[in-house]
Amino acid sequence: MTAGERSGAAERVARAFRALYGAEPEGVWAAPGRVNLIGEYTDVNDGLVMPLALPHTAVAAVSRRTDGRLRVHSADTDQGVVQLRADALEPRAATGWAAYPAGVVWALREAGHRVTGADVHLASTVPTGAGLSSSAALEVVTALALNDLYGLGLTAWRLALLAQRAENAFVGVPCGVMDQMASAACVPGHALYLDTRDLAVRHVPFDLAAEGLTLLVVDTRVKHALGDGAYAERRAGCEAGARALGVRTLREVPYVQLPDALRRLGDETVRSYVRHVVTDNHRVRRTVELLDAGDVRAVGPVLTEGHASLRDDLRVSCPELDLVVSATTAAGALGARMTGGGFGGSAVVLAEAADADAVTKAVGEAFAAAGHPAPRVFPAVPSAGARRLR
Ligand code: ADP
Ligand code: MG
């Protein structure tokens, strides 16, 4: 997003706020969606991840209220203004999309912060349900706006944890902390190397354009019903693996000890989940080494290897995601993998910028030949984390 587009979005959202609530908003904030380059299902095992922020953002115009009322409105639903009470929010009580911003208000108040209400109007360009974290963008933009307006002085880290708490406990989705951290803390031109055990971060330069490369996001536009139960089952399987190995989480299993750990596990399913998590942590480290060495092209095969692990060991891929990887790599892409929870959603494809059109065409043709709806393809330009626009 250019500076001009940004101020355009801020002005549009502020104008809609004025029309809805009859007053100027106190400010306008933006928080991005994210795509995960490498490290999947590792954040729920205290492990390593490497997301980057997308240029797509949720933009919110917000004003404080002192009467306990919370009014939220999204330009992207036809639900109208949802009216709640900031001082009477209960987990799981708010349903539908409003649970995300309401959950943030609840989490802030639960943590002892004095938030006495708000008027919120937001609009988002983050595709929903595509594995690109439209939900974290909503939470983080709300959290940052309230932090600034109420003078809470919370760090990006703390805001991300509160946003995760909102999604886990209030909305009822058992996600890890990667999405919220990426949305809150990313910087342009960099991927976020995040250790979810202690929330240590390093911004790793990932200047694709300077290298003549592109990272394409391929949104398959499918979501298989299997997804929700499978996510919980994979988490439970990983926890069973950690218990069997006598460690707190699978993060405690070093890569060099993987063969020994696998020998000690009797259950074939648990063994394959453990193999995925331990090797994917290793792939994150390997990716960071390659980027530090300036060998960005060599990340391609690491991505494709990561896909094979998600497909064969964790078994969270689906025919559409497998087709993205096979079609794009056959068309000359350097590497590709599914990203996010799986069973649909999106894949990332690393390719020479000069090959972007050919790769995009190849995946479109492969989907048409297989009878799948056309995928949506766009470049993942590493963008800024949450910020105030005005
Ligand atoms: P993802 O985070 O991968 O996009 P989720 O299922 O976690 O998928 O979150 C999607 C949900 O977030 C939507 O169903 C909706 O409730 C909410 N949401 C996201 N963007 C918006 C928006 N612009 N307006 C209203 N609700 C939104
Ligand atoms: Mg989400």
Side-chain angles (χ1 to χ4, degrees), residues 9 12-13 16-17 20 28-36 40-41 43-44 49 51-54 56-62 70-82 84 92 94-104 120-143 145 160 163-184 217-232 235 316 318 321 338-348 376 378 380 386:
R12 260 194 315 282
V13 172
F17 183 101
L20 266 177
V28 181
W29 290 260
R34 65 95 187 96
V35 70
N36 190 24
E40 214 64 72
Y41 282 84
D43 71 335
V44 291
V49 293
L52 44 116
L54 293 172
H56 308 67
T57 55
V59 175
V62 184
L70 173 64
R71 301 193 289 182
V72 293
H73 183 264
S74 167
D76 310 312
T77 75
D78 49 17
Q79 277 190 32
V81 177
V82 179
L84 298 158
R92 314 282 184 112
T95 55
W97 81 272
Y100 294 91
V104 169
V120 179
H121 166 71
L122 58 88
S124 178
T125 56
V126 186
T128 58
L132 303 174
S133 270
S134 68
S135 61
L138 284 198
E139 292 151 12
V140 171
V141 78
T142 308
Q164 182 202 14
R165 169 112 184 102
E167 186 151 346
N168 289 171
F170 194 89
V171 184
V173 178
C175 58
V177 75
M178 163 171 68
D179 302 351
Q180 292 80 7
M181 274 296 288
S183 185
V217 174
V218 180
D219 172 8
T220 63
R221 302 172 112 147
V222 297
K223 191 82 218 156
H224 295 293
L226 209 59
D228 293 345
Y231 184 82
R235 283 190 70 154
V316 295
C318 65
L321 288 166
M338 57 154 276
T339 183
F343 304 103
S346 299
V348 282
R376 173 168 36 192
F378 61 89

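For this chain, numbers begin at 1 and follow the sequence in order. Whatever order the structure lists ligands and atoms in, that order sets their numbers, starting from 1.
- Residues Q164 and G176 share a closest heavy-atom pair of NE2-C, 3.3 Å.
- Checking S134, G340, A137 against atom 1 (P) of ligand 1, the nearest heavy atom belongs to S134.
- Among all heavy-atom pairs drawn from V141 and W29, the shortest one is CG2-O, 3.4 Å.
- Taking distance alone, with nitrogen or oxygen atoms compared against 3.5 Å, G129 approaches ligand 1 more closely than that limit.
- Considering only non-hydrogen protein atoms, atom 27 (C) of ligand 1 sits nearest to L138 CD1, 3.5 Å.
- Summarising the contacts of atom 3 (O) of ligand 1 with P101, G131, A60, G96, the nearest heavy atom is found in G131.
- When non-hydrogen atoms are compared, ligand 1 lies under 4.0 Å from the backbone of L132 (N, CA, C, O) but not from its side chain.
- Between the T57 side chain and the V59 main chain, no donor and acceptor come within less than 3.5 Å of each other.
- Among the atoms of S133, none of the N, O or S atoms falls under 2.8 Å from the Mg ion (ligand 2).
- Here the closest non-hydrogen pair linking V126 and A58 is CG2-N, 4.1 Å.
- Taking the centre of each ring, Y231 and Y41 come in below the 6.0 Å mark.
- The aromatic rings of H121 and H73 lie parallel to each other, their planes meeting at an angle below 30°, with 60° marking the opposite boundary.
- Remark: aromatic rings of F378 and H56 are close, center separation under 6.0 Å.
- Applying the salt bridge (charged side-chain N to carboxylate O under 4.0 Å, His left out) rule to R165 yields the partners E110; only residues at least two apart in sequence or on another chain are considered.
- Remark: minimum distance from atom 12 (O) of ligand 1 to any protein heavy atom is reached at Y100 CE1, 3.6 Å.
- Nearest protein neighbour of atom 20 (N) of ligand 1, counting heavy atoms only, is T128 CG2, 3.4 Å.
- In terms of protein heavy-atom proximity, atom 9 (O) of ligand 1 is closest to S135 CB, 3.4 Å.
- Atom 23 (N) of ligand 1 has D76 OD2, 2.6 Å as its closest protein atom, hydrogens excluded (heavy atom only).
- Annotation for ligand 1: atoms under 4.0 Å from non-hydrogen atoms of S74 are 22 (C), 23 (N), 24 (N), 25 (C).
- Scanning the protein for heavy atoms near atom 26 (N) of ligand 1, the closest one is W97 CB, 3.2 Å.
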